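Just so we're on the same page: letters track the sequence lines, and every chain starts at 1. Keep in mind that what you see is a predicted model, and the values were worked out from it rather than measured.
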Amino acid sequence: MLAIEMANVHKRYYRSHALRGVNLQMEPGKIVGLLGPNGAGKSTLLKICAGLAHPTTGRVHVLGRDVSTATKGLTAFVPENDTFYSWMTPRQAVAFENSMFSDMDVSDAMDLLRELRLDPDNKISSLSKGQRGRLKLVLAMSRRARVVLMDEPLAGIDPPSRAAILETIASRYRAGEQTIIISTHEVLESEKLFEDVVFLSDGQIVLSGNADELRANRSKSLNEIFAEVC
Amino acid sequence: MQINFDESIPIYVQIMQGVMWDVAVGTLAPGDKLLSVRDLARDARTNPNTVQRAYMELERMGIVETQRGQGTFIKASPRLAKEVRSEVTATAVRSFINEMRRLRYSNEEIVGLVSQGLDEVPAADGPSAANGQTVADGLASGQSTEGTNGGVH
């Protein structure tokens, strides 16, 4: 069963055309990089998989099913701009998330808060952008979600937090059972993390494949390939 | 194991090379345990599946063995280090020769450039000598010349 399957997906917003006929098959159990410049349609694609936006035309399956409340329970979506209640503390945010999703592991979340040096009892309103980015990651990675969709997890975040985020994804990823799709335009820093990559440009997939095979065939880094195709 | 990754080369190949170099110089000895897939993935900020692939290829080559539930170990074979060393050496020599040939040097010129280079670059006494010293620091280089000449011809 595929993690994500898209057949001829179009998405139009009023006048703009965010996705123009996307056909995509993502195998389960991988970390996939969804790479493209700003405005390529990456967020739209992830939101459609998360059930937060609906395709204008075309068909989308997540874990073999139509996108629905059932697939939403198996999917964790990490938005680029977080939606925390600023009066909460990280501890309360974990409890809140636990009340929303039955697959949340609270003790795992508390371990991860410590690992990422976040004070569980500090108000979210006092956290820096990097700290909020780490908190988003804690909440996503401590759910047993089969599909995790992360929208630009590194954007606008300080270098030490970026490194911590990449390390956490690498070590917490449940190899074999979990599929993580990460959209980013910052390929240089993140490319070693991806097993497969999908390059998106102007609402269309321009290239996709296994990351190491693309490197071997072109003798180029993903970052160099990105500059060529996007 | 410290790998300085070149992102234009497959990552799993570089992990394999990192292990093979450590075996070749003796940093990893027969019976030594490799980092777990998860720990190496975290340290290198890379994908656990990629690390797993590198370990599987190394196992297929007979360099490591996986013991169920215990981890991956350098194979306990007395001839392993020597074999891996000659494999790593052959690859390094081949790639150097290919590069020199692309620059259109004849065999004699390549040999000449190597011995000239050995006079200029200080001898490497340890794994870190190459980046720690300047050209002026060390002049001893005569000893290793013979072996390199033999390899080129």
Quick one: pull up NZ in A/K220 and CD1 in B/I9 and give me the separation to the nearest 0.5 Å.
14.0 Å
Side chain, backbone, both or neither: which part of B/I11 has an atom under 4.5 Å from a heavy atom of chain A?
both
Backbone N/O of A/L193 and side chain of B/T46: donor-acceptor pair under 3.5 Å
no
Near A/R143 CZ, under 6.0 Å, is it more than 12 heavy atoms from other residues, nucleotides or ligands?
yes
If you count the non-hydrogen atoms of other residues, nucleotides and ligands that lie under 6.0 Å from CD in A/E27, is the total more than 12?
no
With a 3.5 Å distance limit and no angle check, can you tell me whether B/N49 reaches the backbone of A/I31 through a side-chain donor-acceptor pair?
no
Hey, which of B/A41, B/P10, B/A44 has the most heavy atom pairs under 4.5 Å with chain A?
B/P10
Please check if the side chain of B/N47 supplies one atom and the backbone of A/F194 the other of a donor-acceptor pair under 3.5 Å.
no
Can you give me the closest heavy-atom contact between A/A170 and B/P48, atom names plus distance?
O-CG, 3.3 Å
For the OH atom of B/Y12 and the CD atom of A/E213, what is their distance to the nearest 0.5 Å?
8.0 Å
I'd like to know whether CZ of A/R174 has more than 12 heavy-atom contacts from other residues, nucleotides or ligands below 6.0 angstrom.
yes
Neighbour count >12 (heavy atoms, 6.0 Å) for atom CZ, A/F101
yes
Below 4.5 Å from any heavy atom of chain B, which atoms of A/R172 appear? Answer side chain, backbone, both or neither.
backbone
Which of A/S171, A/G176, A/G29, A/A211 touches chain B most, by non-hydrogen pairs under 4.5 Å
A/S171
Does a side-chain heavy-atom distance below 4.5 Å link B/V13 with A/D212?
no
So does B/M56 have more than 12 non-hydrogen atoms from other groups sitting under 6.0 Å from CE?
no
Can A/E224 and B/S8 be said to form a side-chain contact (heavy atoms from CB on, under 4.5 Å), step by step?
CA-CA 8 Å; A/E224 289 165 325; B/S8 63; 4.1 Å; yes
Give a yes or no on whether a salt bridge exists between B/R45 and A/E167, defined as a side-chain N under 4.0 angstrom from a carboxylate O.
yes
Under a 4.5 Å heavy-atom cut-off, does chain B meet the side chain of A/E195, its backbone, both or neither?
both
Check each atom of A/A163 against the heavy atoms of chain B and say whether the ones under 4.5 Å are side chain, backbone, both or neither.
both
Do you know the tightest heavy-atom contact between A/Y173 and B/R38?
O-NH2, 3.4 Å
